[in-house]
Colleague: 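Sharing a structure with you now.
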Amino acid sequence: MKKSAIISFFAPQFITKPPKHHRTMGAWGYYNFDNDTAADFAEDFKAEPSAGVLEQVLAAVQQAADDYLDAEVASEALAAAEIVAAILGRPARNFPNDLLGIIPRLDLSHVEPLRKPAQQAVRAIIGPESELRELWEDSDEFENWEGLQRQLLKRLDKPGA
């Protein structure tokens, strides 16, 4: 085989880039802290645990409400929503132990107002304009991931609602 034939045979795979929407996730499981972005957010939150940090992350989802929601923004918001649910007394069974110790230090009265923004963020993330949802739809774990988000919504409900 001629050198030019070999180059033309292999060249397309080196020249062609995958489409932008075809990103891969740095995830090792479908739980909301099982990805690089959420794990980094959890570390940052441990360093500066406040309702303001949670509010800022949840607000980023609302700011993107009319646009396609970025997967990293969504991953941070799901982690924040999990923390809100935990502070409200309804942590996930797999909630990170190292974050559990921080929960008693946070004032419930500052977190209660974040219940609704957390619910709105989760609904946006499982909606059709979410890159994170799209990435999970392409995986074998989509139904587990989506079910987990629906459980999170229930844990964010007010008791007796």
Side-chain angles (χ1 to χ4, degrees), residues 20-139 141-159 161:
K20 197 171 191 176
H21 72 276
H22 197 75
R23 281 184 15 188
T24 57
M25 293 183 288
W28 50 89
Y30 61 85
Y31 293 103
N32 288 328
F33 289 97
D34 288 354
N35 64 77
D36 294 331
T37 302
D40 289 345
F41 173 75
E43 286 300 314
D44 292 345
F45 184 77
K46 283 191 298 187
E48 187 186 335
S50 73
V53 170
L54 300 172
E55 182 178 19
Q56 184 178 18
V57 169
L58 296 171
V61 173
Q62 294 308 310
Q63 291 169 357
D66 295 333
D67 297 324
Y68 192 67
L69 183 57
D70 180 76
E72 289 188 7
V73 171
S75 292
E76 284 187 348
L78 288 176
E82 288 284 5
I83 293 169
V84 169
I87 296 167
L88 296 172
R90 302 182 79 187
R93 280 181 266 142
N94 69 322
F95 192 80
N97 288 332
D98 56 339
L99 286 176
L100 281 175
I102 294 170
I103 300 303
R105 290 191 253 157
L106 297 165
D107 187 343
L108 182 62
S109 67
H110 292 134
V111 177
E112 177 62 38
L114 297 178
R115 183 189 302 269
K116 188 173 181 176
Q119 290 172 320
Q120 291 170 335
V122 175
R123 285 188 192 101
I125 292 163
I126 62 176
E129 296 299 315
S130 169
E131 180 184 27
L132 188 60
R133 177 191 171 91
E134 184 179 304
L135 289 169
W136 278 108
E137 283 176 333
D138 292 340
S139 81
E141 296 287 357
F142 173 68
E143 288 180 14
N144 291 327
W145 177 83
E146 187 178 43
L148 185 74
Q149 306 324 318
R150 298 209 183 280
Q151 290 172 12
L152 174 55
L153 284 171
K154 287 179 184 174
R155 287 187 288 111
L156 287 165
D157 280 342
K158 282 192 174 198

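Values reported hereafter were calculated over all heavy atoms of this structure, with side chains retained and with hydrogens, waters and symmetry mates removed. Fair warning: this is a prediction, and the values are worked out from it, not measured in the lab.
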Colleague: For V57 versus A80, what's the shortest heavy-atom pair and its separation?
Modeller: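 Heavy atoms of V57 and A80 come nearest at CG1-CB, 4.0 Å.
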Colleague: Measure the CG-OH distance between L78 and Y31 for me, rounded to the nearest 0.5 Å.
Modeller: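 If we round to the nearest 0.5 Å, L78:CG and Y31:OH are 14.5 Å apart.
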Colleague: Please tell me if the side chains of L114 and I87 come closer than 4.5 Å, counting only heavy atoms from C-beta onward.
Modeller: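 Sidechains of I87 and L114: no contact.
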Colleague: Minimum heavy-atom separation for P91 and R155, please, with both atom names.
Modeller: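 Nearest pair, atom of P91 first, then R155: C-NH1, 3.6 Å.
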Colleague: What do the steps show when you test L58 against Q120 for side-chain contact (heavy atoms from CB on, under 4.5 Å), and what is the final call?
Modeller: CA-CA 9 Å; L58 296 171; Q120 291 170 335; over 6 Å; no
Colleague: Could you check if a side-chain atom of E129 sits within less than 4.5 angstrom of a side-chain atom of L69, using non-hydrogen atoms only?
Modeller: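 The answer is no, as the side chains (C-beta and beyond) never meet within the 4.5 Å cut-off.
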Colleague: Would a 4.5 Å heavy-atom cut-off, applied to side chains only, mark T37 and D40 as touching?
Modeller: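 They are not in side-chain contact.
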Colleague: Is the distance between the ring centroids of F33 and F95 under 6.0 Å?
Modeller: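 Distance test on ring centres: under 6.0 Å, yes.
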Colleague: Taking C-beta and beyond as the side chain, do I102 and L99 meet within less than 4.5 Å on heavy atoms?
Modeller: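 Sidechains of L99 and I102: in contact.
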Colleague: As an exercise, state the distance from CD1 of I83 to CG of L100, rounded to the nearest 0.5 Å.
Modeller: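 Here the interatomic distance stands at 10.5 Å.
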Colleague: Using the test salt bridge (Lys or Arg N to Asp or Glu O under 4.0 Å), find all partners of E112 that sit at least two apart in sequence or belong to another chain.
Modeller: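 Partners of E112 under the salt bridge (Lys or Arg N to Asp or Glu O under 4.0 Å) test: R115, K158.
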Colleague: Under the side-chain contact (heavy atoms from CB on, under 4.5 Å) rule, what do E137 and E146 come out as? Steps first, then yes or no, please.
Modeller: CA-CA 9 Å; E137 283 176 333; E146 187 178 43; over 6 Å; no
Colleague: Atom CD in Q149, atom CH2 in W136: separation rounded to 0.5 Å?
Modeller: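 Answer rounded to 0.5 Å: 9.0 Å.
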Colleague: Please name the pair of heavy atoms, one in N35 and one in S75, separated by the smallest distance, quoted to 0.1 Å.
Modeller: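 Nearest pair, atom of N35 first, then S75: OD1-CB, 3.7 Å.
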Colleague: Tell me, do F41 and L54 make a side-chain contact under 4.5 Å, heavy atoms counted?
Modeller: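 Result yes, sub-4.5 Å side-chain heavy-atom pair found.
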Colleague: What's the separation between atom CG in N94 and atom CG in L148, rounded to the nearest 0.5 Å?
Modeller: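 Here the interatomic distance stands at 7.0 Å.
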Colleague: Write down the atom of L106, the atom of F45, and the distance for their closest heavy-atom approach.
Modeller: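 Smallest heavy-atom distance, with atoms named: CD1-CZ, 3.6 Å.
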Colleague: Tell me, please, which residues at least two apart from D98 pass salt bridge (Lys or Arg N to Asp or Glu O under 4.0 Å).
Modeller: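 Salt bridge (Lys or Arg N to Asp or Glu O under 4.0 Å) list for D98, sorted by chain: K46.
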Colleague: Please confirm whether the backbone N or O of L153 pairs with a side-chain atom of R123, one donor and one acceptor, at under 3.5 Å?
Modeller: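 No; judged by distance alone, with no hydrogens or angles, the pair does not exist.
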Colleague: Side chains of E76 and V61, heavy atoms from C-beta outward: is any pair under 4.5 Å?
Modeller: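 When only atoms from C-beta onward are counted, V61 and E76 do not touch, as no gap falls below 4.5 Å.
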Colleague: If you define the side chain from C-beta out and look only at heavy atoms, does anything of L152 sit under 4.5 Å from L156?
Modeller: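 SC-SC contact between L152 and L156 confirmed.
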Colleague: Looking at every non-hydrogen atom in both residues, tell me the closest pair between I125 and S130 and how far apart they are.
Modeller: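 So the minimum-distance heavy-atom pair works out to O-OG, 2.8 Å.
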Colleague: Tell me if a side-chain donor or acceptor on R90 pairs with a main-chain N or O of P159 at a distance below 3.5 Å.
Modeller: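 Flag not set: sc R90 to bb P159 has no pair under 3.5 Å.
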Colleague: Do E131 and V73 have side-chain heavy atoms sitting under 4.5 Å apart?
Modeller: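 A side-chain contact under 4.5 Å is absent here.
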